[in-house]
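Step one of this worksheet: look at the structure below.
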Amino acid sequence: AVLEVIDGDTFKLGNGEVVRLICVDAPEKGREGYDEARNFLSFLILNKEVMLERDISERDEYGRLLRYVYVGDIFVNREIVRQGFGSVFRYGNDTRRCGEIEMDI
């Protein structure tokens with residue numbers, strides 16, 4: 001289950017692993033929209049079981065798991081962008097589902 005939401009595109013699981021949402025960029029701490037993005041992600045996933053889907057890379061340079069995230073039938077990565085709390089961010093080769101996320105912009 002999700003133990004802590006760090007910001008609008010990063011969270012920590014109960015096992016201590018930190019997960020970074022693929023194809024999403026949300027405001028960092030101290031930037032406009034940070035609180036709103038973090039609160040929205042918390043609303044979606046905090047204390048809930050999530051399903052994680054890997055693309056190509058296992059982890060980023062900071063050791064975070066790179067994943068597409070689902071809670072129930074909600075595609076969390078897409079929902080954050082669709083609701084205006086983040087933007088599409090293509091990084092490296094992990095872009096298989098980015099087009100699906102961009103469709104809602």
Side-chain angles (χ1 to χ4, degrees):
V2 176
L3 182 68
E4 175 189 356
V5 172
I6 297 166
D7 59 25
D9 55 36
T10 313
F11 61 92
K12 185 181 284 189
L13 297 170
N15 64 5
E17 287 279 13
V18 176
V19 179
R20 172 70 165 78
L21 299 176
I22 301 174
C23 299
V24 175
D25 186 36
E28 300 300 319
K29 190 168 187 161
R31 304 296 297 266
E32 184 178 338
Y34 164 81
D35 289 327
E36 293 83 355
R38 182 172 177 264
N39 290 342
F40 183 70
L41 184 58
S42 295
F43 167 76
L44 287 178
I45 67 172
L46 189 60
N47 299 318
K48 296 180 182 173
E49 294 294 328
V50 293
M51 201 274 286
L52 305 176
E53 178 186 335
R54 182 178 166 183
D55 197 328
I56 294 171
S57 306
E58 177 69 19
R59 297 178 186 273
D60 67 8
E61 69 236 54
Y62 305 107
R64 302 175 296 190
L65 295 173
L66 293 170
R67 296 293 186 270
Y68 300 108
V69 178
Y70 301 84
V71 60
D73 59 356
I74 297 171
F75 181 17
V76 173
N77 307 53
R78 188 175 102 193
E79 198 65 14
I80 287 175
V81 172
R82 193 170 78 84
Q83 297 293 336
F85 294 105
S87 56
V88 174
F89 177 67
R90 291 173 181 264
Y91 182 79
N93 297 317
D94 298 290
T95 59
R96 181 167 39 89
R97 308 284 302 271
C98 291
E100 183 180 336
I101 295 167
E102 286 172 324
M103 289 187 335
D104 290 313
I105 298 175

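None of these values were measured; they are calculated from a predicted model. We're numbering straight along the sequence, starting at 1.
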Contacts of type side chain to side chain donor-acceptor pair (under 3.5 Å), residue Asp60, not counting sequence neighbours = Arg64
Hydrophobic clusters here meaning ILVMFWY residues chained together by side-chain heavy-atom distances under 4.5 Å, can you tell me if [X] and [Y] are in one?
| X | Y | value |
| --- | --- | --- |
| Ile74 | Val5 | yes |
| Met51 | Leu41 | yes |
| Phe43 | Val24 | yes |

Might you work through the side chain to side chain contact (heavy atoms under 4.5 Å, CB included) test for Ile101 and Phe75, ending with a clear yes or no?
-> CA-CA 9 Å; Ile101 295 167; Phe75 181 17; 3.9 Å; yes
Each residue besides Tyr62 in its hydrophobic cluster should be listed here, by chain and number; the cluster joins Ile, Leu, Val, Met, Phe, Trp and Tyr at side-chain heavy-atom distances under 4.5 Å.
-> none
Run through the side-chain heavy atoms of Ile, Leu, Val, Met, Phe, Trp and Tyr, join any pair under 4.5 Å, and report what else lands in Tyr91's cluster.
-> Phe89
Give a yes or no on this: more than 12 heavy atoms of other residues, nucleotides or ligands lie within 6.0 Å of atom CG of Asn15.
-> yes
[X] to [Y] - nearest heavy-atom pair and separation:
| X | Y | value |
| --- | --- | --- |
| Asn77 | Ile22 | ND2-O, 2.9 Å |
| Leu44 | Val71 | O-CG1, 3.5 Å |
| Ile80 | Leu21 | CD1-CD1, 3.4 Å |

Any disulfide (SG to SG under 2.5 Å) pairs touching residues 26-64, not counting sequence neighbours?
-> none
Sequence neighbours excluded - disulfide (SG to SG under 2.5 Å) pairs with any residue from residues 11-86 = Cys23-Cys98
Flag side-chain contact, heavy atom, 4.5 Å: Glu102 against Arg90 | yes
Report the residues that fulfil side chain to side chain contact (heavy atoms under 4.5 Å, CB included) with [X], sequence neighbours left out, ordered by chain and then residue number.
| X | value |
| --- | --- |
| Ile6 | Glu4, Thr10, Val18 |
| Leu52 | Phe11, Leu13, Val19, Val50, Arg67, Val69 |
| Tyr34 | Asp7, Pro27, Lys29, Arg38 |

Could you walk me through whether Glu17 and Arg59 pass the side chain to side chain contact (heavy atoms under 4.5 Å, CB included) test, one step at a time?
-> CA-CA 11 Å; Glu17 287 279 13; Arg59 297 178 186 273; 2.9 Å; yes
Salt-bridge present (Glu61, Arg20; N to O < 4.0 Å) = no
Is Asp9 reaching over with its side chain to a backbone N or O of Ala26, donor-acceptor style, under 3.5 angstrom?
-> yes
Scan for side-chain hydrogen bond (donor to acceptor under 3.5 Å, both in side chains) pairs involving residues 44-57, sequence neighbours excluded, and state none if there are none.
-> Glu53-Tyr70, Glu53-Arg96, Glu53-Arg97, Arg54-Glu58, Asp55-Tyr68, Ser57-Asp94
